[in-house]
Amino acid sequence: MTRDKVSDHPDWEKYRYTKNNTKNGGVSNEYTNGVTAENNMSDGFGKSTEHLTASGDHHVATVSGGVSYGTTIDDRNHNEKTEKYQVYKWRWYVLATLAVLNFTNAMAWICFAAVTNFTADYYNVTVDDVNWLSLIYLVVTVPIGFVASWALDTLGLRATMLFGGWINLIGLIVRYLSTLPAVPDSGRYAVVMTGQGLAAFAQPFLLFAPTKLAATWFPENQRVIANSLGSMSNPLGILCSFLLSAGLVEGPEDIPFMLWVYIIPGGVACAMVTFGICSAEPPTPPSASAASDHESFFQGLKKCVRNLPYMILFLCFGGGYALFNAFSTFLEQIVCPNGYDDDFAGLLGGLMIACGILGAIISGLYVDKTGHFTPVVKVAFAMATLFSIVFVVCAIFPKLGIGLAIGAVGFGFFGFAMFPIALELGVECTYPVAEGTSAGFLQISGQLQGIILIIIGQFTAPLIPIEDAPEQQCKNATDVMDGEELTIPDMSIPLYIFAGYAVVCCVILLIFFKTDYKRVSAEERRQDAITETTQF
C-alpha cells in the first residue's frame with residue numbers, strides 16, 4: 001500500500017481512532033485519515049515527538065531528538081509490530097579507521113623497546129634515556145586524558161579522531177626529522193623526544209574512543225565486540241612493532257629507515273579519517289541510549305566520583321591495567337637473570353598479547369549474546385590474578401620456562417578478556433554519564449597506577465653482583481657499575497609486590513562490586529514504552 005492509496009484501503013476506518021494513555025509519563029496517540037500519527041512521550045529519555053507514516057506493510061517512526069525505529073504493520077493483523085533502530089554498514093569502516101589509528105599510535109609508542117641498545121648508540125644517550133621514549137606515553141596520558149574525555153563527549157567522535165590522527169602523524173614526522181643531517185648530534189635526542197611526545201599527546205584521543213564509538217554507531221548486541229576490536233588494535237600494534245623493529249634494525253645506522261617506515265601507516269590512518277568519515281554519528285541512532293541526552297562532562301565527572309561501584313571498578317580495573325604495564329616494562333629484567341635470553345622474553349610478550357587479543361574477542365562475543373558483564377569481569381579478573389601468581393612464582397626460580405609461558409598466556413588471555421567488558425561495565429553503572437567520561441577515567445586510572453607500579457619496581461629492586469646470578473643471560477640488561485662491581489637488578493621484591501597488589505584488587509572486586517545495568521534497563525524501559533504506545 002502506497003501513501004496515495006492509504007485512504008482507499010478497505011480497512012482504513014480501523015486506523016481512525018484516538019488513544020490516550022498516561023502510564024509512561026503521558027502518551028497521546030492520534031490516528032486520523034491522514035497518514036501520520038504523533039506521540040508525545042516522556043519515559044526517562046526526555047520528551048519527544050513521534051511521527052508515524054503508514055505505507056502499507058511497513059512504516060517508519062522517527063522520534064525527534066535523534067530516536068529512529070521501524071514498526072512492521074500487517075493489514076490483516078494490526079497487533080503484529082516490531083520496533084527497530086537504524087544501523088549502517090558504514091559503522092564497520094568507522095571502527096576500522098579507529099582501529100588503524102590506535103594501531104599506528106601503539107607502534108610508535110613501543111618501537112624503540114625492541115632495539116634499545118641500537119637507539120642509545122644512534123642518539124648517543126643512555127638506555128634509561130631510551131626508556132623514557134616509551135614511558136612518556138604513560139606520563140602524558142594522565143593529564144591529557146581529562147582533555148580527551150571532554151573532547152569525546154563535547155566535540156564528538158570525528159573531531160577527536162581527526163585531532164588525534166593528525167597529531168600522531170606530525171609526531172611521527174618530527175621523529176624522522178631527528179635523523180636528518182641538518183640536525184646536530186647534540187640535538188637529535190631532543191627532536192625525537194619532541195616527536196614522541198606529540199604521538200603520546202595523541203594517544204588518549206584515540207585510545208579512549210572505542211567505547212564512545214561502540215555506543216554511537218553500534219546496536220546494543222554489537223557494542224562489546226566493537227569495543228573489543230577497537231581497543232585490541234592497541235596491543236596488536238605493540239606486538240607488530242616489536243616484530244617490525246627487530247626485523248628492520250640490525251644496527252644503529254638502520255634507525256632512520258625504521259622511523260621513516262612508521263610514517264607510512266600513520267599517513268594511511270590520517271587519510272582514512274580525513275576523507276572517509278564525514279560525521280561524528282550516523283544519520284539515525286542505533287539504540288535508545290544513543291538517542292538520549294547524556295550528562296555534561298563536569299556533571300558526569302561528579303557522578304562518577306560519587307558512584308561507589310564505579311570507584312571500585314576504577315581502582316580494580318586500573319590495578320589490572322597497571323599490572324600489565326609493569327610486567328611489560330620489566331619483562332626482560334624479570335626473566336633474564338634466571339637463565340632466559342632476550343628471545344624468550346620477546347616470546348613471552350608476544351604470547352601474552354596474542355592470547356589476550358583472542359580472549360578479548362571471545363569475551364566480547366559472549367557478553368554481546370548474554371549481557372553478563374559483571375560475572376565475566378569477576379571471573380576474568382580472578383583467573384588473570386591466578387595466572388599472574390603462577391608467572392611470579394616461576395619467574396623467581398630458574399629453569400621454569402614452561403611455567404612462565406603458561407602464566408604469561410593465562411594472564412594475557414583473561415586480563416585482556418576483561419578489558420573491553422570492564423569499559424562497558426563502567427558505562428552501565430554510571431549511565432547516563434557520557435561514555436567518553438566513564439571509560440576514559442578508567443583508562444586514566446590504569447595509566448596512573450602503572451606509573452606508580454613502575455616507580456615502585458625501580459626503587460625496590462636491589463642490585464646484586466652479576467656473580468650471584470650465574471644463570472643470567474640478559475644481553476641488554478640495564479647493568480650499572482657499583483664501584484668495581486658489575487651488578488644487575490633483582491626483581492623478586494617488585495614481583496611479590498605486584499602479585500600482592502593483584503590479589504588485593506581481586507578480593508575487593510569479587511566481594512564489594514555490585515551494580516545494576518542502568519543503560520540496559522533504560523533501553524528496555526524505552527522499548528516497553530514504544531511497544532505499548534504503538535499497539536492497536
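The figures that follow rest on heavy atoms only: side chains count, while hydrogens, waters and symmetry mates do not. One is the number of the first residue; the rest follow in order along the sequence.
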How close do [X] and [Y] get, counting heavy atoms only, and between which atoms?
X: Leu198; Y: Val174; value: CD1-CG2, 4.2 Å
X: Ser233; Y: Gly230; value: OG-O, 2.7 Å
X: Met232; Y: Pro420; value: CE-CD, 4.4 Å
X: Leu315; Y: Cys505; value: O-SG, 4.3 Å
X: Gly267; Y: Leu169; value: N-CD1, 3.6 Å
X: Val224; Y: Gly364; value: CG1-CA, 3.5 Å

Just by modelled atom types, is the [Y] backbone N or O under 3.5 Å from a matching donor or acceptor in the [X] side chain?
X: Ser231; Y: Ser228; answer: no
X: Thr515; Y: Cys429; answer: no
X: Ser245; Y: Cys111; answer: yes
X: Asp254; Y: Gly251; answer: yes
X: Glu428; Y: Arg519; answer: yes
X: Thr216; Y: Leu213; answer: no
X: Lys378; Y: Phe513; answer: yes
X: Asp368; Y: Ile225; answer: yes

Using the six-membered ring wherever Trp is involved, compare the ring planes of Phe441 and Phe146 and label them parallel, tilted or perpendicular (cut-offs 30° and 60°).
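Tilted: the ring planes of Phe441 and Phe146 meet at 30° to 60°.
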When the ring planes of Trp260 and Phe257 are compared, do they come out parallel, tilted or perpendicular, using 30° and 60° as the limits?
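Because their plane-to-plane angle is under 30°, the rings of Trp260 and Phe257 count as parallel.
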Gap separating the [atom1] atom of [X] from the [atom2] atom of [Y], nearest 0.5 angstrom:
X: Asp490; Y: Thr460; atom1: CG; atom2: OG1; answer: 10.0 Å
X: Ser445; Y: Phe317; atom1: OG; atom2: CZ; answer: 8.0 Å
X: Phe297; Y: Leu152; atom1: CZ; atom2: CG; answer: 10.0 Å
X: Ile167; Y: Phe205; atom1: CD1; atom2: CZ; answer: 8.0 Å
X: Asp185; Y: Ser178; atom1: CG; atom2: OG; answer: 11.0 Å
X: Ile357; Y: Ile362; atom1: CD1; atom2: CD1; answer: 12.0 Å

Which is it for Val367 and Glu424 under the side chain to side chain contact (heavy atoms under 4.5 Å, CB included) test, yes or no, and what are the steps along the way?
CA-CA 10 Å; Val367 174; Glu424 291 290 326; over 6 Å; no
Between Phe242, Phe103, Phe201, Tyr137, which is the residue that forms a ring pair (Phe, Tyr, Trp, His ring centres under 6.0 Å) with Trp109?
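The residue from Phe242, Phe103, Phe201, Tyr137 that satisfies ring pair (Phe, Tyr, Trp, His ring centres under 6.0 Å) with Trp109 turns out to be Tyr137.
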So do the side chains of [X] and [Y] get within less than 4.5 Å of each other, counting heavy atoms only?
X: Pro494; Y: Ile456; value: no
X: Leu259; Y: Phe112; value: yes
X: Ile451; Y: Val139; value: yes
X: Val503; Y: Ile389; value: yes
X: Tyr310; Y: Val305; value: no
X: Met352; Y: Val409; value: no
X: Leu236; Y: Ile353; value: no
X: Tyr189; Y: Val192; value: yes

Side chains of [X] and [Y]: is there a donor and an acceptor less than 3.5 Å apart?
X: Ser241; Y: Tyr262; answer: yes
X: Asn234; Y: Asn102; answer: no
X: Glu253; Y: Tyr122; answer: no
X: Asp153; Y: Thr437; answer: yes

For atom CG of Asp129, decide whether the heavy atoms of other residues, nucleotides or ligands shown that lie under 6.0 angstrom number more than 12.
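Result for CG/Asp129: enclosed.
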Determine whether more than 12 heavy atoms belonging to other residues, nucleotides or ligands lie under 6.0 Å from atom CG of Leu180.
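Correct, the count exceeds 12.
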Listing request: all side-chain hydrogen bond (donor to acceptor under 3.5 Å, both in side chains) pairs with a residue in residues 196-208, at least two apart in sequence or in separate chains.
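Every side-chain hydrogen bond (donor to acceptor under 3.5 Å, both in side chains) pair that includes a residue of residues 196-208, provided the two are not neighbours, is Thr141-Gln203, Arg175-Gln196.
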Can you list every salt bridge (charged side-chain N to carboxylate O under 4.0 Å, His left out) pair that touches residues 352-364, not counting sequence neighbours?
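Listed by first then second residue: nothing to list.
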Kindly determine whether Ile255 and Tyr123 satisfy side chain to side chain contact (heavy atoms under 4.5 Å, CB included), including the steps that lead there.
CA-CA 10 Å; Ile255 294 295; Tyr123 288 105; 4.2 Å; yes
Do any side-chain atoms of residues 411-419 form donor-acceptor pairs under 3.5 angstrom with protein atoms, and if so which ones, sequence neighbours left out?
none

Decide yes or no on side chain to side chain contact (heavy atoms under 4.5 Å, CB included) for Arg188 and Thr179, but give the supporting numbers first.
CA-CA 7 Å; Arg188 284 185 173 181; Thr179 67; 5.8 Å; no
I'd like to know whether Leu133 forms a side chain to side chain contact (heavy atoms under 4.5 Å, CB included) with Met193, so could you lay out the CA-CA distance, the side-chain angles of the two residues, the decisive distance to 0.1 Å, and finally the verdict.
CA-CA 6 Å; Leu133 293 174; Met193 178 60 81; 3.7 Å; yes
Using the rule given for side chain to side chain donor-acceptor pair (under 3.5 Å), can you reason through Thr430 versus Asn307, listing the C-alpha separation, both sets of side-chain angles and the distance that settles it, and then say yes or no?
CA-CA 7 Å; Thr430 58; Asn307 188 310; 5.9 Å; no
Ion pair check, Glu435 and Lys212, cut-off under 4.0 Å
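Salt bridge present between Glu435 and Lys212.
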